[in-house]
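Quick notes on the structure that follows.
Counting convention: from 1, in listed order, for ligands and their atoms alike. Basis for what follows: all heavy atoms, side chains included, without hydrogens, waters or symmetry-related copies. Predicted model only: the values in this text are computed from it and were never measured.
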Amino acid sequence: MSVKNNILHLQKHLADNVHLVAVSKTKPNELIIEAYGAGQRIFGENKVQELVEKEESLPKDIEWHMIGHLQTNKVKYIAPFVSLIHAVDSKKLIKEINKRAKQNNRVITCLLQVHIAQEESKFGLDKDGVIEILKTDFPNVSIVGLMGMATYTDNKNQVRKEFKYLKDSYDELKESQPNFSILSMGMSGDYSIAIEEGSNMVRIGSSIFGER
Ligand SMILES: *Cc1c(COP(=O)(O)O)cnc(C)c1O
């Protein structure tokens, strides 16, 4: 399978309401161009420097998503162009995003990352952390939903339970958050379960570009 075929296959099989983020981290520009040629416009990266370099050299109508953990001191590099930050996991970070968005005269859209996995190592907020951030007004940030990563396990029931929890949290918050429209959950190994549980944005890397 080629990158192009993988993209076409996903476009055909994902429902219209499910956004596809093609996760191109570590992959060369040639492969991104191949996906672009198949109509893909949303790409996700998890390292600031790589994201900045790719943005500079690739077509300007690409929407770049920052999907990985973001350090406060690096927000300034992506603030001019990033179209969605998936993994906001602290108030300190969102304050900095707000500041840099203002300097660039724009509103940056963000998702709050919720910790749903069993592993300690995955970043993310708990419910109280989410509510605390939503209570504060950040004029240059628009929080449009939630993102989460399930435990890396073969236990499908565990993964499903975690996605269900995130969907329930999303639905509950949505009642008081009119801007909420995106629930980012699901990667190459678990996106089918994520979609069954209500995801409307999947982040897929290796199933498109091959193993890293
Ligand atoms: C790498 C990455 C993905 C994509 O992972 P694949 O298993 O290659 O599909 C999705 N989300 C985040 C946050 C990632 O870092």
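Considering His86, Lys25, His69, His65 only, the shortest heavy-atom separation from atom 2 (C) of ligand 1 involves Lys25. Here the shortest heavy-atom distance to atom 6 (P) of ligand 1, taken over Gly44, Ser188, Ser207, Ser184, belongs to Ser188.
Counting the atoms of ligand 1 from 1 in the order shown, those under 4.0 Å from a heavy atom of Arg203 are 4 (C), 9 (O), 10 (C), 11 (N), 12 (C), 13 (C). Atoms of ligand 1 found under 4.0 Å from any heavy atom of Ile204 (numbered from 1 in listed order, with element): 9 (O). Every atom of ligand 1 is numbered from 1 in the order shown, and the set under 4.0 Å from a heavy atom of Gly205 is 4 (C), 6 (P), 8 (O), 9 (O).
Panel note: side chain Glu197, backbone Met185; no donor-acceptor pair is recorded below 3.5 Å. Side-chain N or O atoms of Glu55 include none that pairs as donor or acceptor with a backbone N or O of Ser57 at under 3.5 Å. A donor-acceptor contact shorter than 3.5 Å is absent between the side chain of Asn29 and the backbone of Lys54.
Polar contact check, Met149 against ligand 1: no nitrogen or oxygen pair lies under 3.5 Å apart.
A parallel orientation is assigned to the rings of Phe123 and His69, their planes being inclined by less than 30° (bins at 30° and 60°).
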Step by step, would you call Phe180 with Ile143 a side-chain contact (heavy atoms from CB on, under 4.5 Å)? CA-CA 7 Å; Phe180 265 37; Ile143 302 172; 4.0 Å; yes
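Residue, atom and distance of the protein heavy atom nearest to atom 5 (O) of ligand 1 are Met187 CE, 3.6 Å. Of the protein's non-hydrogen atoms, Ile67 CD1, 3.5 Å is the one closest to atom 12 (C) of ligand 1.
Side-chain contact between Gln11 and Leu8: present, with at least one pair of heavy atoms (C-beta onward) separated by less than 4.5 Å.
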